[in-house]
Enquirer: 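Handing you this structure, nothing more for now.
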Amino acid sequence: MGTQIGKLLVKCRQEIDYTDLYGKKVGIDAYNLIYAFLAPIRYQQTGGGYLTDSEGNVTSHLSGLFYKLTNWLPNNIRPVFIFDGKPPTFKEAEIKTRQEKKKEAVLKREEALAKGDLESAMKFAAVTSKITPQIIDDAKQLIEYFGLPSIQAASEAEAQGAYMVQEGSLDAMASQDYDSFLFGSPEVIRNLTVTRRRVATKDGLIELAPEKVNFNAVLQELQFTNRDQLILLGLLVGTDYNPKGIKGIGPKTALKLVHKYPTPKALFEYLTAKYPQNEIFPFPPQMLLDYFRSPDVTESLQFKIRKPQLSKITEFLVEERDFTKTRIENQLKRMVVTRRKIKQKVDQQSLDRFF
DNA sequence: CGGAGGTA
DNA sequence: TACCTCCGG
């Protein structure tokens with residue numbers, strides 16, 4: 001539902017600088033991020049095969065993670081990786097749909113490969129990404145060597161993260177969409193996990209600056225008085241659990257409807273009256289509302305943030321996963337140097353503020 | 001995706 | 001410096 005509701009949220013987005021995230025603990029939906037690396041980090045020559053080591057272990061995500069972390073850590077951002085647990089039963093339909101799309105993309109890629117059309121093959125390959133236990137284990141290994149926590153959500157990572165921000169153990173959830181807000185996260189950072197890309201209004205590409213979005217600012221912009229209304233808006237335009245939303249209802253109409261029927265009871269009554277067959281939701285809307293209100297989460301999860309173990313990172317990537325030693329070492333060196341520079345700058349700033 | 005290395 | 005294209009494991 002990310003892009004849908006995004007159209008309604010303009011004023012509440014506040015562009016920020018990396019220094020604004022200094023020392024901030026930010027929840028990361030780990031599966032999401034891993035997918036974001038598996039899709040594009042591929043070989044063109046093979047029509048979109050993964051990067052792998054000599055034994056065939058996938059390394060695309062390790063490359064992505066490595067560069068992402070070496071860029072985050074100098075800014076003293078503290079990512080906390082949250083891994084999905086068991087999906088809620090009503091996500092099964094959506095999961096199946098996604099699987100079907102992948103199967104289809106696999107076939108289309110094979111066709112393209114047979115024709116020798118590497119470019120098309122590459123495009124289809126991006127859709128085929130599948131996370132395996134090996135991919136997860138390696139990601140966790142690298143994350144650990146970077147001194148960062150991997151935590152296990154009871155169910156949805158977004159929900160777990162949103163809970164932890166409310167609880168105060170995290171400062172914000174990093175996300176591209178607004179689902180975390182439906183789960184009640186007080187703060188979301190956008191554009192942290194993606195850079196580059198996005199077409200500028202006039203010409204060329206534009207680098208996306210990170211944005212901070214506060215829950216209260218979202219409510220204010222939408223002129224809502226409570227989280228239920230935000231959830232209702234989501235249900236109308238679509239969420240992971242009813243991805244299609246309601247046919248014919250886009251963000252603008254949805255907003256009007258929630259203003260007109262500002263309680264779940266009123267809105268659901270309106271909907272059942274208007275759509276008597278009641279085929280608009282794959283599940284009773286009350287059930288989805290209740291899920292967003294109180295998803296399955298684990299309370300008071302403990303985690304520790306440590307110093308990165310540079311030699312372990314190098315050893316793992318170079319010795320075990322066939323990365324080029326000089327690349328890894330140079331990048332780590334750069335991380336350390338940048339870290340020092342930024343630390344000096346921040347220390348100076350806080351000194352200046354003090355006087 | 002992000003970096004390297006080339007070109008304008 | 002800005003942009004482009006190729007490549008990484």
Side-chain angles (χ1 to χ4, degrees), chain A residues 18 21 26 28-75 77 79 81 117-132 134-143 145-146 148 174-176 189-210 308 310 312-339 341-342:
Chain A
Y18 271 93
L21 296 171
V26 182
I28 309 284
D29 181 334
Y31 275 82
N32 233 314
L33 185 61
I34 291 172
Y35 272 119
F37 295 135
L38 291 180
I41 305 181
R42 290 164 176 275
Y43 267 107
Q44 284 171 304
Q45 304 100 297
T46 59
Y50 289 124
L51 274 63
T52 62
D53 68 6
S54 56
E55 289 170 358
N57 295 304
V58 175
T59 53
S60 298
H61 64 308
L62 297 181
S63 178
L65 264 178
F66 174 73
Y67 286 110
K68 193 55 94 176
L69 292 179
T70 50
N71 283 325
W72 277 347
L73 295 196
N75 292 288
I77 298 172
F81 292 87
D117 182 355
L118 294 184
E119 206 183 319
S120 303
M122 181 86 178
K123 276 178 194 153
F124 292 126
V127 190
T128 64
S129 312
K130 225 172 99 184
I131 291 182
T132 64
Q134 180 264 325
I135 289 175
I136 294 300
D137 291 348
D138 275 8
K140 285 183 177 169
Q141 186 67 262
L142 186 61
I143 288 166
Y145 290 149
F146 268 95
L148 299 168
S175 191
Q176 271 323 94
I189 308 292
R190 303 184 70 243
N191 304 344
L192 191 63
T193 54
V194 289
T195 42
R196 166 190 288 211
R197 87 200 183 109
R198 290 295 147 97
V199 189
T201 40
K202 298 189 176 72
D203 38 13
L205 301 175
I206 214 167
E207 287 265 322
L208 288 180
L310 304 190
K312 291 274 189 190
I313 296 169
T314 312
E315 194 184 312
F316 176 54
L317 292 179
V318 175
E319 308 297 327
E320 295 191 44
R321 292 295 177 266
D322 298 342
F323 282 69
T324 310
K325 193 170 187 188
T326 50
R327 275 182 187 250
I328 299 301
E329 285 180 342
N330 288 343
Q331 182 69 5
L332 288 177
K333 229 175 269 168
R334 171 158 37 174
M335 174 176 83
V336 173
V337 171
T338 318
R339 173 81 194 93
K341 274 189 198 155
I342 293 178

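Residue numbers start from 1 in every chain, and the chains themselves are labelled A, B, ... in the order their sequence lines are given, proteins ahead of strands.
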Enquirer: Please work out if A/Ser63 contacts a base, only the sugar-phosphate, or nothing of the nucleic acid, heavy-atom cut-off 4.0 Å.
Expert: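 Base contact - A/Ser63 has a heavy atom under 4.0 Å of at least one base atom.
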Enquirer: What's the CD1-P distance between A/Ile135 and C/dG9, to the nearest Å?
Expert: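 Atom-to-atom, A/Ile135 to C/dG9, this comes out as 17 Å.
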Enquirer: Figure out the CE/P separation between A/Met335 and B/dG3, and round it to whole Å.
Expert: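 Whole-Å distance recorded here is 13 Å.
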Enquirer: List the residues meeting side-chain contact (heavy atoms from CB on, under 4.5 Å) with A/Thr338, not counting sequence neighbours, and say none if there are none.
Expert: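 Here the qualifying residues are A/Pro74, A/Arg334, A/Ile342.
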Enquirer: Can you pull out the residues from residues 45-57 of chain A that lie within a 4.0 Å heavy-atom distance of DNA chain C?
Expert: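 By residue number: A/Leu51, A/Thr52.
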Enquirer: According to salt bridge (charged side-chain N to carboxylate O under 4.0 Å, His left out), who are the partners of A/Asp322, at least two apart in sequence or on a separate chain?
Expert: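 Expected list: none.
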Enquirer: If we only count heavy atoms from C-beta on, is the A/Ile34 to A/Ile136 side-chain gap below 4.5 Å?
Expert: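 Yes, close enough: below the 4.5 Å cut-off.
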Enquirer: Where along residues 318-333 of chain A does a heavy atom fall under 4.0 Å from DNA chain B?
Expert: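 The answer is A/Gln331.
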Enquirer: Heavy atoms from C-beta onward define the side chain here; which of C/dC7, B/dG3, B/dC1 lies closest to that of A/Asn71?
Expert: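 From the listed options, B/dG3 comes nearest.
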Enquirer: Roughly, in whole Å, what's the span from CG in A/Asp138 to C1' in C/dG9?
Expert: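 So the two atoms are 12 Å apart, to the nearest Å.
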Enquirer: May I have all residue pairs that pass side chain to side chain donor-acceptor pair (under 3.5 Å) and include part of residues 55-66 of chain A, sequence neighbours excluded?
Expert: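 Side chain to side chain donor-acceptor pair (under 3.5 Å) check on residues 55-66 of chain A returns A/Asp53-A/Asn57.
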Enquirer: Check side-chain contact (heavy atoms from CB on, under 4.5 Å) between A/Arg327 and all other residues, then give those that pass, not counting sequence neighbours.
Expert: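 By the side-chain contact (heavy atoms from CB on, under 4.5 Å) rule, A/Arg327 matches A/Tyr67, A/Thr324.
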Enquirer: When the distance from OH of A/Tyr35 to P of B/dC1 is rounded to whole Å, what number comes out?
Expert: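 The answer, rounded to whole Å, is 17 Å.
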Enquirer: Taking atom P of C/dG8 as reference, at what distance in whole Å does atom CG of A/Leu38 sit?
Expert: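 To the nearest whole Å, that distance equals 18 Å.
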Enquirer: May I have all residue pairs that pass side chain to side chain donor-acceptor pair (under 3.5 Å) and include part of residues 28-39 of chain A, sequence neighbours excluded?
Expert: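 Listed by first then second residue: A/Asp29-A/Asn32, A/Tyr35-A/Lys102.
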Enquirer: Is the distance from OP1 or OP2 of B/dG2 to the nearest side-chain N or O of A/Lys68 less than 4.0 Å?
Expert: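 Result: yes.
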Enquirer: Is it true that a side-chain atom of A/Gln176 and a backbone atom of A/Arg190 form a donor plus acceptor pair closer than 3.5 Å?
Expert: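 No; zero donor-acceptor contacts below 3.5 Å.
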Enquirer: Have a look at A/Tyr43 and say if it touches a base, only the backbone sugar-phosphate, or nothing, with a 4.0 Å heavy-atom cut-off.
Expert: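 Base contact - A/Tyr43 has a heavy atom under 4.0 Å of at least one base atom.
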Enquirer: Check the distance between C/dT5's P and A/Glu119's CD and give it to me in whole angstrom.
Expert: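 Distance, rounded to whole Å: 12 Å.
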Enquirer: Rounded to whole Å, please give me the gap between CZ in A/Phe66 and C1' in B/dG3.
Expert: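 Nearest whole value for this atom pair: 11 Å.
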Enquirer: Between P on C/dC7 and OH on A/Tyr67, what's the gap in Å once rounded to a whole number?
Expert: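 These atoms are roughly 15 Å apart.
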Enquirer: Could you pull out all residues at least two apart from A/Tyr43 that satisfy side chain to side chain donor-acceptor pair (under 3.5 Å)?
Expert: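 A/Tyr43: no side chain to side chain donor-acceptor pair (under 3.5 Å) contacts found.
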Enquirer: Where the side chain of A/Arg334 is defined as all heavy atoms beyond and including C-beta, which of B/dA4, C/dG9, B/dC1 is the nearest nucleotide?
Expert: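 Of all the options, the side chain of A/Arg334 is nearest to B/dA4.
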Enquirer: Can you sort out the partners of A/Thr70 under side chain to side chain donor-acceptor pair (under 3.5 Å), two or more places apart, ordered by chain and number?
Expert: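 By the side chain to side chain donor-acceptor pair (under 3.5 Å) rule, A/Thr70 matches A/Gln331.
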